[in-house]
Each structure stands twice: as C-alpha cells, then as structure tokens.
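Protein chains get the first letters and strands the later ones, always in sequence-line order, with residue 1 at the start of each.
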Protein chains: 2
Amino acid sequence: MKRPATSTDVARRAGVSQSTVSLVLRGKDEGRVTAETAARVRAAARDLDYEPNAVALNLKRGRADVVALVVPTITQPYFASVLVEAEKEARGAGCDVILFDSGGDDDWTHRLARMVRSTQLDGAIVWAPTDDEVAALTSIRDRLVLVEAGSDQFTRIDLQIEHGASLVAEHLAGLGHRRVGYFAVHPARETYLRRRRALADSLGEHDGVIVETCSIESALDLDAAEQAAGAMLDAIGADDSVTAVVCDDDLLAAALVTVCAERDVAVPGRVSVVGYGDLTISRLVRPQLTTVSLPPSVGRLAMSSLLDAVRGRPRTRRTPGLVSVPVTLVERASSAAPQQL
Amino acid sequence: MKRPATSTDVARRAGVSQSTVSLVLRGKDEGRVTAETAARVRAAARDLDYEPNAVALNLKRGRADVVALVVPTITQPYFASVLVEAEKEARGAGCDVILFDSGGDDDWTHRLARMVRSTQLDGAIVWAPTDDEVAALTSIRDRLVLVEAGSDQFTRIDLQIEHGASLVAEHLAGLGHRRVGYFAVHPARETYLRRRRALADSLGEHDGVIVETCSIESALDLDAAEQAAGAMLDAIGADDSVTAVVCDDDLLAAALVTVCAERDVAVPGRVSVVGYGDLTISRLVRPQLTTVSLPPSVGRLAMSSLLDAVRGRPRTRRTPGLVSVPVTLVERASSAAPQQL
DNA sequence: TTGTAAGCGTTATCAC
DNA sequence: GTGATAACGCTTACAA
C-alpha cells in the first residue's frame, strides 16, 4: 500500500493551494471558490483516492471522537447488549466506542485516566467500579459517567435496585414464603452487595414475616455455579423452612434450577427460584426463571449522558447528576406459593 | 477541567527548551542532558501532571495503535470470548480494539475502509464477511485479517469446519443414525452455509448410509428458535427414520432439546442433537449438548496475524497466508445410538 | 476568488 | 549538553 494521498497532494494535482482544497472538501467554499476550481479539486481528490487524515483532524480540534466503555466482564451476556445499545447511540453522534474489560486487568484505571488525559479518549462510561477504582478516577471525573457506583461528584446512572428488591420481597412474601436463601456471586462487587443489602432491607419491611436465612457463594461460571448449587440444595434439604432462593445472577439461578431437576427437587414446588438479569438462559431452562430485568437501555442512556458531558458547550454543561433507571420483575414459572408441608 | 499541560508548558516551567523535555521524557537523553537538567524536567512534568498528547504522537508516527474487530453480532456469546482473546493479545502490543457490529449497520464496510485509510485505524479483523463485503474491502486488504472468509488475496484465519463436519458425520454414522435433520440459522451467512455443505459432503462419504433428509430454518433468537424447533419436531414425528438433528448453533440446539422435553420426545432416545459452539448453554440444558467446539483462541491468532501485518517492517511482511484452526467434537449426553424402532 | 501562514503537540535533525 | 527548526496533515484567520 502506497502512502495515502494528503490534501497537499490533491492541491498539487488540482493546481491550487492546500487551503483551497480544505475549503472545498470541507464544504466551506460558500461563495469563496469558483465552481470550476471546486470541481477541479474534487476531481483531483477522487483521482488520488484522497481521504482526510483523521488523526491530524483530531489534533487540530482537540477531540478524538472515541469513548470507552468499561465493563466488569464482557462475557456476561448482559454487557454485550449494553455495549450494543451504547454503540448505537455513539455511532449516531459520530463517535466510536472502545471496550475495556476491567476484570482482565487491574491497572485499567490508570490506563484509562492516561488515555483520557492524553486526549486519546474523549471520555468513558464505567460500569460498577469499586470504591478504590472510583477514587483512582477522580482526576478525569468530568469526562466520566459511572453506572451503579460513585458519589455525587460524578455523573451517574443508577439502576433502581432497591425497587427491584422490594418487588422481589413483595412477590415472595405475597406467595407465602417465610424463609429465603441467597445465592451470591463471589467475588462480590459492590453491585452484588447492593442487591443483597437491598433485598435484606426489603425483607425487613415485612418484619418477622420473611427473612434470609442461608446463603451460598459462587463464582460466575457454570461449573462453579453447579457445584455451589449442590451445596445450596444440601443446606435447604436440612432446613424445610427455606422455600425460596434469590440469586445474584440468572446464570446462578439457571444452574440451581438444573441441579434441582437432577436431584428431583421440585421447582417451584419445593423451592422457588428468582434470578437477576432476564438473560436468554432465563427462558431456556425449565421452569423458566422469574427474574429481575435489568434494561439494556442503560447503555444508551449512559452514552447520551457522556456525550452531553464531553461535547456540551461549557454553558450547556449540566452539573453532575443522577439518572435512575427502573428495573422490573418478570414473573415466570420458577416461583410460586410454597407447597404445604 | 483545565487544559492539559503540554511539553511546552513543562519546558517553560523547567526553564529549558521544549525539545529537551521530549528528549528527557522519552528517555533519549543518554549522555546528552545533564542529570541535573533531566531531574528538573522530570520534576516539572510531575508538578504539571503532564501527559504526552497521544494524538499528536500518532500524527507524528503515522500510526494509531487502534484496530477494529468486526463481528456479525456481539450478542452471540462466542464472539464475546473472541473479543476478550483478541483484546488481550492487542493490549500486550500496546494496541486498543474497537468493536464493529456488522449486523447492526449495512454500511460498515465503507466506514471501516474510510477509518483505515484515514489512519484512524491501523487495521481490522473481519469475521465472516459476505462476498460482497469482502469485495468492498479490497482497497484496504493489506491491513485486514479475514476470518472464515475471503480469497487468497487476504490474510485469513480459517476454522477447519470441514474437519468438524466429518467428525459429526463420523460420530452420527458410527452410532447408527441413517437419516438426519438440519436445523439452520436464517439468514444464512456464508459461515453457516459452509457448515451445512461440509456436513452434506461428509455424510456423502458414507454413501447411501446416512443423509440429511429434512431441514428447518430459524433466526438466531430464542423465541424464533423454540417455534422452529416445534416445526422440526412435527417434521420428525412424521418421519420415523430421522433420528438425529444437527444444528447450526448451540442456541438452536438448546431450544430443540428444551422443546423436546416439553413434548416428551426423548433425547437422545428418539432423537440425537448436535450443536455448534460449545457455549455455556450447551452445558446448561439437559441432556447436555454434543457440540462442535469452536476455539476462542482464533481471536488471539487473528490479532497476532493482524499486528504482524500492520506493524511488520516491509521486508518482514509475509505474503497473505492462511492459518487453519482445528475444531473438535465434544461428545455429551444429547447424542447416542438411536433407540430400536 | 485564491493563497499565505500560524498553530495543534510531538519527535528528530542539526547547529551552537 | 542544549535549543532552534522542520516536519506530521489539517483548519482557519488574514492577506493579496
């Protein structure tokens, strides 16, 4: 491949100055360049297969038109859909998205901060960072949108997890459950802790009626989940009063339901199962999972917030704010009233 | 946020020239700058929180250190793992990855070509493009790695689908199956057509013994798949001789197995099911799926090929080549000898 | 109507 | 040892 043609090459070929080329090709030749000259320039550009150098352009404008999306693990299907939504929104604004997997690399905060400060990146959406990570990011806080984390120094998007938890508590208490187990993700990111605390709080509002009485932790992969699900069933088997299990993620819930089937534990007869995520697998397993649906539209929202923040004129720029996104409970076959003992 | 400090700011503060700053900070001051001066420069840089402007740097070097990964749909779990692998490899070479979803936008070829030619992107990995798409990309062919597609003008990575197909054929024929159904993805990208043709060829080698006799198509989403799976079972119900179904994707296979369970069709007793992908769901459904495993390491391979191609010195640059990656058959519980009729 | 020239932030080649 | 100065490719006053 030959060196790509520059605007100077085009100018030379059209027999005009380089600035005229720029004028014409950027459409700013309104009554400044003869139609004939303009045509000559355009022809030359076409002949040389000219494409403006985007890097030079960025340098000139001091803007990269690239933002980052940082997620804990892109292999979680939920994040794939978030990425798609965010991408779509960004694309519409002429902006590209690069992906960081914060799970893969513990030094990502510094890399991100450096890239933002070196104008390689206009900004970033950061999903569920830990408190430490948030602290490491303060130097670039006005080019950041945080999802499910952060203080009011940051622009944030928040899922209404508390509301989701109250829906779950209401649902289970209403069905007549009195003791629930919790199937938690380990290691427990803040997001998961929040889910769990929120559920505990919501259960607390039905005071004395319904409480979390046992819990098991598992890594977010299938093998670990199936093993932990076995442990969960052992625990439940030893305590008849536990008639429902809330899971931090649909993958855990799916594993639990599957292991139940293998052990002839009736779902939802013996135990009701509730997940988080409304992922594809929640409809693939039998019984299909009752689950808290986390809308992927958060990706779109976060991106539009970010674009506002980094593109907005200074006077337009809003103070850091908090947008709260509702979650919903999707009731499917994995939860029902506990069978009489 | 204030304007970030430039090397000129640092120079001013250290009381030296801007070029000295560059020398010191890039570590090229070997016996050229006094230790004392160097220290002063470094101190100034630290004070000002200086970060070299990456865009200026790229302009200077004519390289972006960003490549794209183009996949048909990132929401397919397989591609998420591919992305992770590719990312890891790129990161190691100081390169970032941006993602294109070719499914989302039919003009992506032009966008990609423009970005490459404008030096915004050093190159790209393109997954399973159609022939038309390949044609649209020839202008940037030496900065491309194609996966599962393309002619020998391109650097390519290929899955050994034919070999996979022969494993499947061998497996099913060996178990005693004589008539198989095909559960295909619609719309049929070249990748899928290849899978299917390859299977037909492999079955043909067991001439007259085993053949594909019926097929159903479905979009790659769960609702469509479950509906199509129903149709497949109707077809099979009407023809006892069909005792196995090969599916273009584990999602289809999972849906089929699930619908079988609902209709009390025994798997693998009445019908064996084979999928493609070895995705998480293949181990979540019961029976677990026999499936052709497509190694995510292809992502790593493709990225290292690409980096070679775009980073390599001209004299080092290899001619376009073809790397072929083996696939394997993972035998699980969804396939077995057909039950005697 | 067109061209000249400054500047975006770097790196690198020379003089001093 | 250090500092002008010329690129890199572009946009945009401003001059002609």
Side-chain angles (χ1 to χ4, degrees), chain A residues 2-42 44-45 48-65 114-122, chain B residues 2-42 44-45 48-65 114-122:
Chain A
K2 314 178 298 292
R3 179 184 64 80
T6 73
S7 63
T8 310
D9 298 332
V10 176
R12 197 158 27 227
R13 180 170 236 269
V16 299
S17 82
Q18 185 270 329
S19 56
T20 303
V21 172
S22 174
L23 248 26
V24 171
L25 264 26
R26 300 293 292 192
K28 312 219 164 169
D29 55 338
E30 192 62 25
R32 308 188 56 184
V33 177
T34 353
E36 190 211 359
T37 312
R40 215 165 60 238
V41 168
R42 266 185 273 271
L48 295 176
D49 208 23
Y50 169 71
E51 197 67 58
N53 180 312
V55 176
L57 229 141
N58 290 345
L59 175 58
K60 184 65 186 170
R61 294 182 317 188
R63 194 217 273 178
D65 282 336
R114 188 165 34 70
M115 290 180 72
V116 168
R117 294 191 348 207
S118 71
T119 76
Q120 221 174 0
L121 241 38
D122 293 338
Chain B
K2 315 178 298 293
R3 178 183 65 80
T6 73
S7 62
T8 309
D9 298 332
V10 176
R12 195 157 29 228
R13 182 169 234 266
V16 298
S17 83
Q18 185 270 330
S19 52
T20 302
V21 172
S22 175
L23 247 26
V24 171
L25 264 28
R26 300 291 292 195
K28 313 217 164 169
D29 54 338
E30 191 61 24
R32 310 187 54 183
V33 177
T34 352
E36 190 211 357
T37 312
R40 217 166 58 239
V41 168
R42 267 185 273 271
L48 294 175
D49 209 22
Y50 169 72
E51 197 67 56
N53 180 312
V55 176
L57 230 142
N58 289 345
L59 174 59
K60 184 67 185 165
R61 296 182 316 189
R63 195 217 273 177
D65 282 335
R114 189 165 33 68
M115 290 179 72
V116 169
R117 296 193 344 211
S118 71
T119 76
Q120 218 173 3
L121 241 39
D122 293 338

Where do B/R26 and B/L57 come nearest, in terms of heavy atoms and distance?
NH1-CD1, 3.9 Å

Residue met sooner reading DNA chain C from 5', once A/K60 and A/L23 are mapped to nucleotides:
A/L23

Using chain B heavy atoms and a threshold of under 4.0 Å, write down where along DNA chain D the contacts begin and end, 5' to 3'.
D/dG1 to D/dG9

Separation of A/Q120 atom CD from C/dT10 atom C1', in whole Å?
14 Å

Grab the CG-P distance between B/D29 and C/dT11 for me, whole Å please.
13 Å

Return no unless some side-chain N or O of A/S17 is found under 4.0 Å from OP1 or OP2 of C/dG3.
yes

One should read off an interatomic distance between B/L121 CG and B/R117 CZ, to the nearest 0.5 angstrom, of 13.0 Å

Under 4.0 Å, heavy atoms only, any strand: does B/R26 hit a base, just the sugar-phosphate, or nothing?
sugar-phosphate

Output the rounded distance in Å from CG (B/N53) to P (C/dG7).
18 Å

Value for CG (B/L59) from CG (A/N53), rounded to nearest 0.5 Å, stands at 6.0 Å

Does B/T119 reach a base, just sugar-phosphate, or nothing at all? Heavy atoms under 4.0 Å.
nothing

Classify the nucleic acid contact of A/E36 as base, sugar-phosphate or nothing, counting any heavy atom under 4.0 Å across all strands shown.
nothing

Please walk me through it: do B/D9 and B/R13 pass side chain to side chain contact (heavy atoms under 4.5 Å, CB included)?
CA-CA 6 Å; B/D9 298 332; B/R13 182 169 234 266; over 6 Å; no

Do you know which two heavy atoms are closest between A/L25 and A/A45, and how far apart they sit?
CD2-CB, 4.1 Å

Least distance between heavy atoms, B/A44 atom then B/A14 atom
CB-CB, 3.9 Å

Whole-Å distance, B/L59 CG to C/dG7 P, equals 17 Å

I need the CZ-P distance between A/R117 and C/dG9, as an integer number of Å.
15 Å

Please classify the nucleic acid contact of A/V16 as base, sugar-phosphate, or nothing, using heavy-atom distances under 4.0 Å.
sugar-phosphate

Expected output: side-chain B/T6 to main-chain B/T8 donor-acceptor under 3.5 Å:
yes

side-chain contact (heavy atoms from CB on, under 4.5 Å) partner of B/V24, chosen from B/V10, B/V16, B/D29, B/T37:
B/D29

Does the side chain of B/Q18 pick up a donor-acceptor pair with the side chain of B/S7 at under 3.5 Å?
yes

Pair B/D49-B/E51, side chain to side chain contact (heavy atoms under 4.5 Å, CB included): steps then yes or no
CA-CA 7 Å; B/D49 209 22; B/E51 197 67 56; over 6 Å; no

Which pair of non-hydrogen atoms, one from B/A64 and one from B/N58, has the smallest distance, and what is that distance?
O-ND2, 3.6 Å

Between A/Y50 and B/V33, who's closer to the 5' end of DNA chain D by nearest nucleotide?
B/V33

Whole Å only: how far is the CG atom of B/L57 from the C1' atom of C/dA12?
13 Å

Phosphate-side-chain proximity, A/S19 and C/dG3, N/O vs OP1/OP2 below 4.0 Å
no

Table of protein N/O atoms under 3.5 Å from nucleotides 14-16 of chain C N/O atoms:
| residue | atom | partner | partner atom | Å |
| --- | --- | --- | --- | --- |
| C/dC14 | N4 | B/R32 | NH2 | 3.0 |

What contact category does A/T34 fall into here, base, sugar-phosphate, or nothing, at under 4.0 angstrom with non-hydrogen atoms?
sugar-phosphate

Whole angstrom value for the distance that separates C1' of C/dT1 from CZ of A/R40:
12 Å

Rounded distance in Å - CD (A/Q18) to C1' (C/dA5):
11 Å

Work out how much the helix from C/dT1-D/dA16 to C/dC16-D/dG1 bends between its end axes, five pairs an end, to the nearest 10 degrees.
60°

Note: B/S118 and A/P52 closest approach over all heavy atoms is CB-O, 3.0 Å

